[in-house]
Undergrad: 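Submitted below is the structure of interest, expressed as structure tokens.
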Amino acid sequence: MSIEQLIENYGLLAIFLGAAFEGETAAFLGGVISHRELLSYWSASIAAVAGSFVGDQFWFFAGRYAAQWAPVRRLMERPALARATRLLEKYQTGFILAFRFLVGLRTISPIVIGTTRIATGKFVLLNAVAALVWGQLFTALGYIFGRGIQQMLGHLPLHRHLLIAVGAAAAVAGAALVFRRMKRKRRA
């Protein structure tokens with residue numbers, strides 16, 4: 001089975017699961033893949049939106065009803081917990097809309113929110129809005145990136161196109177981590 005066939009058969013599931021558990025890279029690659037016309041843009045985008053929404057709902061309910069579950073306890077021991085809690089207390093609605101865009105706070109935030117008195121309905125609504133924006137944004141960025149690579153380098157074999165996209169995503173993630181560490185050092 002070729003990589004193209006794998007993507008056509010399992011790509012939407014992979015984008016959904018990737019967006020639920022990893023995030024940006026899965027949505028970004030969904031955009032690149034849709035540029036290559038192996039999946040439609042809208043199906044890739046909807047898979048990213050749905051995966052992000054479902055993943056964050058899962059962690060919200062884990063925080064609300066399963067705080068003693070070992071994976072939840074381990075996540076609650078992370079240093080990011082204090083930062084997420086401070087931001088949530090100061091900017092409740094804004095934080096719920098923005099946490100998936102904040103480096104290092106994506107997984108811990110819905111758990112923290114789940115441990116508060118924030119109404120489930122409020123979180124579901126704000127999570128849906130934020131997932132819609134997030135999924136569309138990162139899928140569109142991947143689509144634009146895929147188009148740009150094709151314009152610069154021509155029509156590459158799919159595996160090379162995806163490797164370049166993964167490399168670019170890793171470079172951006174690495175730069176974000178370096179920036180975050182530099183910012184922390186300046187505060188200390």
Side-chain angles (χ1 to χ4, degrees), residues 12-31 42-142 169-170 172-188:
L12 293 176
L13 178 62
I15 294 167
F16 174 87
L17 293 173
F21 295 106
E22 186 282 321
E24 292 81 10
T25 304
F28 183 80
L29 288 175
W42 290 109
S43 63
S45 176
I46 290 168
V49 168
S52 179
F53 175 80
V54 169
D56 291 334
Q57 284 303 138
F58 172 81
W59 289 116
F60 172 83
F61 286 120
R64 176 120 328 156
Y65 300 110
Q68 296 308 314
W69 187 38
V72 174
R73 280 197 325 265
R74 278 193 300 277
L75 286 169
M76 294 291 281
E77 293 168 359
R78 287 184 171 180
L81 175 71
R83 183 173 172 222
T85 302
R86 278 192 314 274
L87 289 169
L88 179 61
E89 288 171 353
K90 195 169 182 177
Y91 310 103
Q92 190 178 89
T93 299
F95 181 74
I96 294 170
L97 289 170
F99 72 79
R100 73 191 71 231
F101 296 96
L102 302 174
V103 176
L105 296 180
R106 170 135 191 197
T107 303
I108 192 73
S109 295
I111 295 171
V112 170
I113 296 164
T115 64
T116 69
R117 293 181 179 201
I118 291 172
T120 300
K122 178 178 181 175
F123 180 75
V124 169
L125 177 63
L126 293 174
N127 186 34
V129 169
L132 184 62
V133 171
W134 178 91
Q136 292 296 313
L137 174 66
F138 282 96
T139 306
L141 288 172
V172 169
L177 288 174
V178 167
F179 177 74
R180 189 171 134 208
R181 286 184 182 150
M182 288 172 36
K183 194 173 177 181
R184 266 196 218 144
K185 284 182 182 180
R186 276 189 256 152
R187 281 190 214 150

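Position 1 is the first residue of the sequence; numbering continues from there. Note that these values count all heavy atoms, side chains included, but never hydrogens, waters or copies made by symmetry. Just so it is clear, the model here is predicted, and its values are computed rather than measured.
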Undergrad: Minimum heavy-atom separation for L12 and A47, please, with both atom names.
TA: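 Of all heavy-atom pairs spanning L12 and A47, the closest is O-CB, 3.7 Å.
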Undergrad: Tell me the closest heavy-atom pair linking A26 and A19, and the distance in Å.
TA: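 So the minimum-distance heavy-atom pair works out to CB-N, 3.5 Å.
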Undergrad: So which atom in T93 and which in K122 form the shortest heavy-atom distance, rounded to 0.1 Å?
TA: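 T93 and K122 have their closest heavy atoms at OG1-NZ, 3.4 Å.
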Undergrad: Given the rule in the side-chain contact (heavy atoms from CB on, under 4.5 Å) test, do I118 and I96 qualify, once you have shown the distances and angles that lead to the verdict?
TA: CA-CA 10 Å; I118 291 172; I96 294 170; 3.9 Å; yes
Undergrad: Would you name the heavy atoms of A44 and G30 that are closest together and state the gap between them?
TA: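 Scanning both residues completely, I find the closest heavy atoms to be CB-O, 3.6 Å.
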Undergrad: Could you tell me if the side chain of F60 sits less than 4.5 Å from the side chain of V124, heavy atoms only?
TA: no
Undergrad: Check whether any side-chain heavy atom of I108 sits under 4.5 Å from a side-chain heavy atom of W59, and report yes or no.
TA: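 I108 vs W59: side chains apart.
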Undergrad: Looking at every heavy atom in both F95 and S109, which two are closest together, and how far apart are they?
TA: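 What the structure gives for the nearest pair is CZ-OG, 3.2 Å.
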Undergrad: Give the C-alpha distance, both sets of side-chain angles, the deciding distance and a yes or no for side-chain contact (heavy atoms from CB on, under 4.5 Å) between W134 and F53.
TA: CA-CA 10 Å; W134 178 91; F53 175 80; over 6 Å; no
Undergrad: Looking at F21, I want to see if its CZ is surrounded by more than 12 non-hydrogen atoms of other residues, nucleotides or ligands under 6.0 Å.
TA: no
Undergrad: Can you tell me if S52 uses its side chain to pair, donor with acceptor, with the backbone of V49 under 3.5 Å?
TA: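 No; zero donor-acceptor contacts below 3.5 Å.
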Undergrad: What pair of heavy atoms forms the shortest contact from R64 to R117, and how long is it?
TA: NH2-C, 4.2 Å
Undergrad: Between OG1 of T120 and CG of L125, what distance do you get to the nearest 0.5 Å?
TA: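 Here the rounded value is 12.5 Å.
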Undergrad: Got a second to check how far L137's CG is from R100's CZ, nearest 0.5 Å?
TA: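 Those atoms lie 11.5 Å apart.
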Undergrad: In Å and rounded to the nearest 0.5 Å, what is the CD1 to OG1 distance from I111 to T116?
TA: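 Result: 12.5 Å between the selected atoms.
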Undergrad: Specify whether F99 and F123 have parallel, tilted or perpendicular ring planes, treating 30° as the upper limit for parallel and 60° as the lower limit for perpendicular.
TA: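 Geometry flag for F123 against F99: parallel rings.
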Undergrad: After noting the C-alpha distance and the side-chain angles of Q92 and I113, does the key distance pass the side-chain contact (heavy atoms from CB on, under 4.5 Å) rule?
TA: CA-CA 9 Å; Q92 190 178 89; I113 296 164; over 6 Å; no
